[in-house]
Amino acid sequence: MRYSIFSLARNALGGHKGWTPTWRDAEPKQAYDILIIGGGGHGLATAYYLAKEHGLTNVAVLEKSWIGSGNVGRNTTIVRSNYMLPENIRFYEWSMKLWEGLEQDFNYNAMVSQRGVLNLYHSDGQRDAFARRGNAMRLSGVDAELLDREQVRRMLPFLNFDDARFPIQGGLLQRRGGTVRHDAVAWGYARGASDRGVDIVQNCEVKGFVVENGRVAGVETSRGKIHAKKIGIAVAGNSSRVAAMAGLRLPIESHVLQAFVSEGLKPLIPNVITFGAGHFYISQSDKGGLVFGGDLDGYKSYAQRGNLPVVQDVCEGGMAIMPMIGRLRLLRGWGGIMDMTMDGSPIIDKTPIEGLYLNAGWCYGGFKATPAAGWCFAHLIARDEPFPAASAFRLDRFARGAILDEKGQGAQPNLH
Amino acid sequence: MSEAIALELKSPFEASLKDAGAGDGVQVSERRNLQMATVIARAGNSDIAARLKSAFGLALLPGPKRSAANDLAFVATGPRSWLALSEASGLTPKLREALGEAAAISDQSSGYAVLRLTGPKVRATLEKGIGVDLHPRAFQPGDAASTSCAHLGVIIWQIDAAPIYEIAVFRSLADSFAHWLQESAAEFGLRVVPPR
Amino acid sequence: MTNSQRLSSGGLIDRGKPLSFRFDGKTYRGFAGDTLASALLANGVKLVGRSFKYHRPRGIFTTGAEEPNALITLRSGARREPNTKATTVELYGGLEATSQNCWPSLDFDLQAVNQLFAPLFVGGFYYKTFMWPAAFWEKVYEPLIRRAAGLGAASGLPDPDRYEHATAYCDVLIIGAGPAGLSAALAAGRAGARVILCEEDFRLGGRLLADHYQIDGETGTQWAEQAEAELTALPEVRIFRRTSVFGVYDGGVYGALERVADHLPQPPVHQPRQRVWQIVARRAITAMGALERPIVFGGNDRPGVMLASALRAYVNRFAVAPGRVALFTTTDDGWKTAEDLIRAEIPIEIVIDPRANVAEWLMKPIARAGTRILLDAVVTDTKGGRSLQAIEVLKSGSKLTFDVDTLAVSGGFNPQIGLSTHLGGRPRWSDEIGAFVPGELPSGMAVAGAAAGQYKLAECLAKGAACGAVAATDLGFSASAQPAPRVADEAIEVKPLWHVAQSRHKAFVDLQNDVTSKDVEIAHREGFRAVEHLKRYTTLGMATDQGKTSNINGHALMADLVGRAVAEVGTTRTRPPHVPIAIGALAGPHVGAHFKPTRYPAGHEWALANGASMVDAGQWHRPRWFTKPGEKDWLESVTREAKTVRAAVGVCDVSTLGKIDIQGRDAGIFLDRVYVNMFSSLAVGKARYGLMLREDGFVLDDGTTARLASDHYVMSTTTGNAAKVMQHLEFCHQVHWPELDVAMVSVTEQWTQYAVAGPKARVLLQNLLGDALDLSNEAFPYMACVEFTWANVPMRLFRLSFSGELAYEIAVPADYGEALLRELMRAGASLGVAPYGTEALGVLRIEKGHVSVGELNGQTTAADLGLGRMLSTKKDFIGRVLARRPALTDPERPTLAGFKPVDSAQRLRSGAHFVPLGITPSVENGEGYMTSVAFSPHVGSWIGLGLIKRGPARIGERVRAYDPVRGGDVEVEICSPVFVDPEGARLHV
Amino acid sequence: MRIPCPFCGLRDSSEFVTIGEASMSRPPADAPEAQIFDYVYLRDNPAGVNQELWYHAQGCRSWLKVARDTRTHEIESAVLARGGAQ
Ligand SMILES: Cc1cc2nc3c(=O)[nH]c(=O)nc-3n(C[C@H](O)[C@H](O)[C@H](O)COP(=O)(O)OP(=O)(O)OC[C@H]3O[C@@H](n4cnc5c(N)ncnc54)[C@H](O)[C@@H]3O)c2cc1C
Ligand SMILES: NC(=O)c1ccc[n+]([C@@H]2O[C@H](COP(=O)([O-])OP(=O)(O)OC[C@H]3O[C@@H](n4cnc5c(N)ncnc54)[C@H](O)[C@@H]3O)[C@@H](O)[C@H]2O)c1
Ligand SMILES: Cc1cc2nc3c(=O)[nH]c(=O)nc-3n(C[C@H](O)[C@H](O)[C@H](O)COP(=O)(O)O)c2cc1C
Ligand SMILES: [Zn+2]
């Protein structure tokens, strides 16, 4: 069913009795051409683009829980392409472009809101590092502006300009960056894929691989064995666990990242803002909640929840730049499991096992990647060659030393 | 110029430690002219205790404890390290002489700033910064802990059940520590008493 | 302004302490002991807010933190607190509250027209529309949606109040001071355990304050008072009133918020507004009670409809007298409301119970009072404008209407399972009480009382005491058995009724987020059937009450729709905080200038007194430059300072660099392993520049390390990496090579260190030290070091140079740091000495081509920095192997070079990218970037260091330094990174 | 989370930093490059009990080997990485 104000009005007249499921809740078949493991943003987008761009529809997405239950349903919704390394800029900018046309493309309003992302800087050194980044973006044709203190003050007068420990000196602004309604991305892709024939199978946990002669042949799941010629892994925080079923060790650790939402408020914070001298970033959802987060808890975890010190650290960061939020209340906090790589950049590649493909290592930045990750992963699976925008995200880059370390932290995942 | 010059000593809390609030809940004094040194046991040498015993009559307790004899105190800061404190001069050479190969000794007389805290509300104040249980059932005279207090690394030990505590912080952080102390103790009243 | 709806006697309010307050500009009066909600009700105020989506009039629904409706904005100005639940606000004199989400007024809210469009605004409508034309979303639709969103408005002003953090320890933490919690506290406290009892209310007692109970022949309130008195007298029991436990964390850590001053107009001097406690408990007992749940029927949101147990609390505890009351109950407990109203001589018109059979003894007293009873009947709809006027009841197929202004609803109770599930444990369904009860508990936690589904008072008291005793004995205390208090048992039968299907009008499931039963049906139709999907699609349970009154009904409705049991459908995950917590409280005391500690070097005050501007270097404050009278800008000061060093002598505080004492027989071997170059071969009395890699082959840090004795080195690190390097060294020692005889400790704080640099540096030091040391080039050459005593103070002198001039670094114990600085300046006065700051330091090192933070950014290799030859081939060291990976040794990597503008008047900026001349800059032809720049008085123009492909091979070539974000585009010439004295002659004079 | 430091006792995890798995130790100098690569880059990353390295940065400055369950955060044991008791 095509969505529009007219379909809405028509259904309203009919007491909303006419709506049909947004996606089919499919029973798994015994065999498919392609299986995608993981019904998160990336898995669903991959299925969508396999169907839409490559005409491959004998595809199933296997999700161990309900779709969107992973990180796509628990991120802070920020999308941007303000990276420093050309390989990353190229990929995330491709994603930005896809975001910009997404809603018309899949006929679902995911509320892509290009309200601007502002990264504050607090020292000359940081300013120059941001200049380096902004210039790299501009060289790649991506919008970037370096604001000074007065420009930031005019834009966001409520920030702490008066008694800050690390005074705000300015910021790097990407106006095209912003937020997207996270759940709707999963639902929209699921709907688009399902409409084109893809089976979305929920409550179906992959528990092992069937490998025959060095080639994948299918998976063991909580709902039985399913055969397939090609299998794509897109399980984010669970990448190591699933890869281990195929005997692979990855350059990944799973860490917990918390996020928080405040009670609903009238519009207060117009953009996405990040603190440069502490761990804090914030935006306001269209519903009115301030959505914010900060650093990883720092330890490995599969528990989807964190601890109090980081809650306090994040709020401290928030008060440091915007002391007006002191009396606003934190309503809920939650955690997600991040597939943190050794250089902080992702992996979209074939694995040593034929027919098995890997999309992983998104750290805390993979939501913004969703369209491009789906696009590029679908391309890789369908054509067995990388899509150019993702050609640097290879597994062997660590062995070669061609690492993509934006922060210069080295092989320590919790510092990226 | 030359030997005639005497360098003036400036203690870290000189400028920053001030009274706060009304009342006498907490009394604080700075321990000035303290000699301090880090003592780290060197590999293969486990006779530090024996040497301390014979040189100073100090019985070194295992674990996170303060061991003292006369003027000399050893506050354990880690499995093989201590902060030695004394008011008499020449601490570092004395320790080097007594411990020889057994330990590495580094002068820290200026490295730390040390406060002594007491008063009926001292625990109520410290629990606003220190995450270690200072209740008498858990922490007693002779106990020590290396921990953090309001974002600052500290070493704390208890001198007396009164209670009297001493806290060492890195010198450069004295102002920040004083600020925290004043804010936290103000509701009970903080009095600066003459240094000892 | 009278308390028109107040009983003349009874209740726990203090009629001797009247308090006046304002709501929406009107003045009212309440009493000490009131909440804002009870005071409003006592004043006959029923309409207090508007709902989120449809702007429907809303009143007071509950008595606690579960309140979905009565959200107001408390206080004004910078202390404004939007979305405050009137039910949780303790009344104080002068309180000021305003309604929210309405315009122009609460009574007449224009956005109530939204109700007309309600047929369109169903769950999830926005996903289906607002897509065309594409440009409209950003410009038209989204701004409209955003404006409509949210409830209260923030002040936009900095919060003026202070917050504290504190840690408390206990053997047994008890959460909730109702009968169960009080009994638990008494049992554990009497056994001698350290007990903390947290109660979010300002008065202990829980439901004992709200219901009529007899315990051991006393009223429940009296019993609670006695328990409180006994607990207060126990030395190891701490009672935290006005304190909500909001979260359970790993290892027995509980978060609690103490509202220290929220019941006052503003915090008293030296008192925080609130305090967040981190409670470390060996055992915990949650005794948080149960929350009553509503029934979903048409118009169930109208002001005047409230929970039956809440109405009872308003009558019994707050002496509020409602008007004409009806009761709609599907539980035995609901009947107690009727009983209590009758006891308070408040007429109750009718009791409606959908059950066909209700115990005689429950009905008898009600019937006797003349109240009509309708069994096997349901309320289908309500009528009224801004408050309830009538209800429609369906009984045996016929519709009856009753004029009432208050409808008490009792749909059963839900144990407060919140905290018990914070660590991920799933609740368990109990058929007996028709509710979820705590399932697998976090270790060390027990649940008692109504929170565990134990609804009988006797059971609450007994189980509470048992839990308290078990916790104490588990921990080695001996608890003596106490006789159980005598109480009359109560009936608890409940027959869940989730939804009155015969309702014609909107029946609300989530009152705050305006989620109706119809929305649940739509979600079902569209496939959002998992409860977590239902939540996200309809926003059920996502409001400020987190579904405390709504989730179960929504989930039960979905269970009906999918034809499964509630237990199978399950419930959504609860998360901390259990109640919303002010962000300022979670942030704590470290705000403003105290966000992070500040470290001051010993010479700080001297520097301030001598015109220094300061800069943050990590947590340190360092002088950046010293302004002399008449200097017009920073560049003039910095240039003067740099020139002084090159021509005469300057003094710079370098104390912030990390200093690590490394001692032991194996210290040299250890350093050989952590540095790329050799240190075991360094002569005593000498220093050497060292470079450290990470294990992945990239540069970690650099610095000079001096050998003071055969078994004693002192290492220096960069300011920013001091802690990181210390951690790394400890790691290498403790984890990799514990067998080495090496001991290390940071002595950064012990030593204040000044660089004395410039051709006259030696003279200055000779002036100062006299013949204490022979400073001649022969006796004390470049890279020499010595420990000595001067003026009875132990000192260290190093002949090091970052500036490229004849230079020394002199170190003294920090207590003498300021004194030495004064002496240095005095000794140099006749030589024209000047203090210099980090900017001039930067100028001098860039002129000399020394790398620093700009180049040591974690992305560079030794070879990138022109230091590749330092990597020893004679030994293993951290990073050796992986530094050889192909991409790290690629000759095309950007490598360190110097840069000069072709037009010497042009300014350089770091962060600019290098691109070839004459072609359009693009990412493909980017060749590297500028890492550091300075205005060089020596060269007479701006100069820079940067990393550019094959840098050293391209000296003399010109490229563009392209800086579009700052509008810069400068033609530069690649040159040697050493601009001054490339032969190093000046170092050796 | 509370870490049982063998020297200091139970302390809040915020006093510590962790750098991940302790399952593999640094290969000797003559080990093949692949082994060093494994050590630096590859992780088991198990869901379950995990041996990991924690540093008591705001305490006794010891590196600890901690056995911790990544699903529950429960800690089975903690010992000094360098071996020995205190
Ligand atoms: C708190 C937080 C904030 C974040 N903020 C941002 C942000 O602002 N911007 C941004 O760009 N990114 C952000 N991220 C990161 C982003 O959410 C993730 O990188 C991204 O969502 C990961 O891709 P995904 O959507 O496919 O993952 P997921 O949604 O996690 O999908 C993986 C799916 O695989 C399923 N699965 C796992 N194992 C199995 C199995 N064995 N069998 C079947 N199914 C399985 C899981 O149940 C899950 O549904 C944030 C993440 C978190 C947690
Ligand atoms: N007959 C029935 O159907 C029925 C049902 C439920 C309850 N009850 C009655 O209610 C009473 C239950 O006693 P109880 O002691 O279990 O509960 P209670 O409701 O009397 O007390 C719970 C207390 O916990 C406090 N609290 C809740 N959450 C808190 C938090 N996070 N932090 C701090 N404090 C918190 C509340 O303010 C309250 O004072 C009994 O009298 C019982 O008979 C009866
Ligand atoms: C962008 C964003 C906004 C959210 N807004 C709300 C909100 O307004 N109210 C709410 O209760 N939860 C909100 N949540 C949190 C969810 O309720 C939920 O906690 C989160 O999706 C993680 O799922 P879990 O808690 O079920 O594990 C939001 C989550 C995200 C990612
Ligand atoms: Zn420790």
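A note on names: the letters A, B, ... follow the listed sequences, proteins ahead of strands, and every chain is numbered from 1.
Of the listed residues Val591(C), Val579(C), Thr920(C), Leu157(C), the one with more heavy-atom pairs under 4.5 angstrom with chain A than any other is Leu157(C). If you tally non-hydrogen atom pairs under 4.5 Å between each of Arg115(A), His122(A), Glu145(A), Gln412(A) and chain C, the highest count goes to Arg115(A). For chain A, the option among Leu888(C), Asp250(C), Asn857(C), Asn925(C) with the highest count of heavy-atom pairs below 4.5 Å is Asp250(C). Of all the listed residues (Lys407(A), Gln284(A), Met342(A), Met137(A)), the one sharing the greatest number of non-hydrogen pairs under 4.5 Å with chain C is Gln284(A). Among Arg90(A), Glu103(A), Gln304(A), the residue making the largest number of heavy-atom pairs under 4.5 Å with chain C is Gln304(A). When each of Pro580(C), Gly584(C), Gly858(C), Ala887(C) is scored by its heavy-atom pairs under 4.5 Å with chain A, the top score falls to Pro580(C). Ranked by heavy-atom pairs under 4.5 Å with chain C, the first of Gly278(A), Pro157(A), Ala399(A), Ser113(A) is Ser113(A). Options Asp162(A), Val112(A), Asn160(A) differ in how many heavy-atom pairs under 4.5 Å they form with chain C, and the most are formed by Val112(A). The choice from Trp187(A), Phe166(A), Trp334(A), Phe6(A) that makes the most heavy-atom pairs within less than 4.5 Å of chain C is Trp187(A).
Screening Leu146(A), Leu147(A), Leu173(A) for a side chain to side chain contact (heavy atoms under 4.5 Å, CB included) involving Val965(C) leaves a single residue, Leu146(A).
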Return a table of donor-acceptor pairs under 3.5 angstrom between the side chains of residues 318-329 of chain A and protein atoms on other chains or two or more places apart.
residue   : atom : partner   : partner atom : Å
Arg327(A) : NE   : Arg79(C)  : O            : 3.0
Arg327(A) : NE   : Glu81(C)  : OE2          : 3.3
Arg327(A) : NH1  : Asp159(C) : OD1          : 2.7
Arg327(A) : NH1  : Asp161(C) : OD2          : 2.8
Arg327(A) : NH2  : Glu81(C)  : OE2          : 2.8
Arg327(A) : NH2  : Asp161(C) : OD2          : 3.3
Arg329(A) : NH1  : Glu263(A) : OE1          : 3.0
Arg329(A) : NH1  : Pro82(C)  : O            : 3.1
Arg329(A) : NH1  : Asn83(C)  : O            : 3.3
Arg329(A) : NH2  : Thr84(C)  : OG1          : 2.8

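Remark: Ser922(C) OG to Arg138(A) CZ distance equals 14.5 Å, nearest 0.5 Å.
Side-chain atoms of Lys128(C) and Asn107(A) include no donor-acceptor pair closer than 3.5 Å. Side chain to side chain, Tyr127(C) and Arg181(A) meet the donor-acceptor criterion of an N or O pair below 3.5 Å.
Interface remark: Arg694(C) contributes side-chain atoms only to the contact with chain A (heavy atom separation under 4.5 Å). In this structure, no portion of Phe260(A) lies under 4.5 Å from any heavy atom of chain C. Contact of His165(C) with chain A is made through the side chain alone, with heavy-atom distances under 4.5 Å. For Arg2(A), the part sitting under 4.5 Å from any heavy atom of chain C is the side chain, from C-beta outward, and nothing else. Heavy atoms of Pro597(C) lying under 4.5 Å from chain A belong exclusively to its backbone. Neither the backbone nor the side chain of Glu100(A) has a heavy atom closer than 4.5 Å to any heavy atom of chain C. Using a 4.5 Å cut-off between heavy atoms, Thr598(C) contacts chain A through both its backbone and its side chain. Contact of Tyr537(C) with chain A is made through backbone and side chain together, with heavy-atom distances under 4.5 Å. Heavy atoms closer than 4.5 Å to chain A are found nowhere in Ala523(C), neither backbone nor side chain. With a 4.5 Å cut-off on non-hydrogen atoms, Val314(A) does not touch chain C at all. Of the two parts of Val915(C), only the side chain, counted from C-beta on, holds a non-hydrogen atom closer than 4.5 Å to a non-hydrogen atom of chain A. Looking at Leu700(C), neither its backbone nor its side chain comes within 4.5 Å of chain A, counting heavy atoms on both sides. Only the backbone of Pro270(A) comes within less than 4.5 Å of a heavy atom in chain C; its side chain stays farther off. Looking at Ile269(A), the atoms closer than 4.5 Å to chain C (heavy atoms on both sides) all sit in the backbone: N, CA, C or O. Of the atoms belonging to Ala277(A), it is backbone heavy atoms, and not side-chain ones, that fall under 4.5 Å from chain C. For chain C, the nearby part of Leu268(A) is the side chain; its heavy atoms alone come within less than 4.5 Å. Asp183(A) touches chain C through its side chain: at least one heavy atom from C-beta onward sits under 4.5 Å away, while N, CA, C and O do not. Both the backbone and the side chain of Ala402(A) come within contact range of chain C, judged by heavy atoms closer than 4.5 Å.
Using a cutoff of 4.0 Å between basic side-chain nitrogens and carboxylate oxygens, Asp128(A) and Arg966(C) are scored as salt-bridged.
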Starting from the C-alpha separation in whole Å, work towards a yes-or-no answer on salt bridge (charged side-chain N to carboxylate O under 4.0 Å, His left out) for Arg165(A) and Asp616(C). CA-CA 9 Å; Arg165(A) 171 72 182 81; Asp616(C) 288 307; 2.9 Å; yes
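For residues 13-21 of chain A, the interface with chain C (any heavy-atom pair closer than 4.5 Å) comprises Gly15(A), His16(A), Lys17(A), Trp19(A), Thr20(A), Pro21(A), sorted by residue number.
Under the rule for a ring-ring contact (aromatic ring centres under 6.0 Å, His included), Phe158(A) has no partner lying at least two apart in sequence or in another chain. Evaluation of the ring-ring contact (aromatic ring centres under 6.0 Å, His included) rule for His590(C) yields His151(B) as partners, not counting sequence neighbours.
Between His533(C) and Trp23(A), the ring centre distance stays below 6.0 Å. Checked against the 6.0 Å centroid criterion, the rings of Trp66(A) and Phe528(C) do not qualify as a close aromatic pair. Under the 6.0 Å cut-off for aromatic ring centres, Phe275(A) and Phe595(C) qualify, their centroids lying closer than that.
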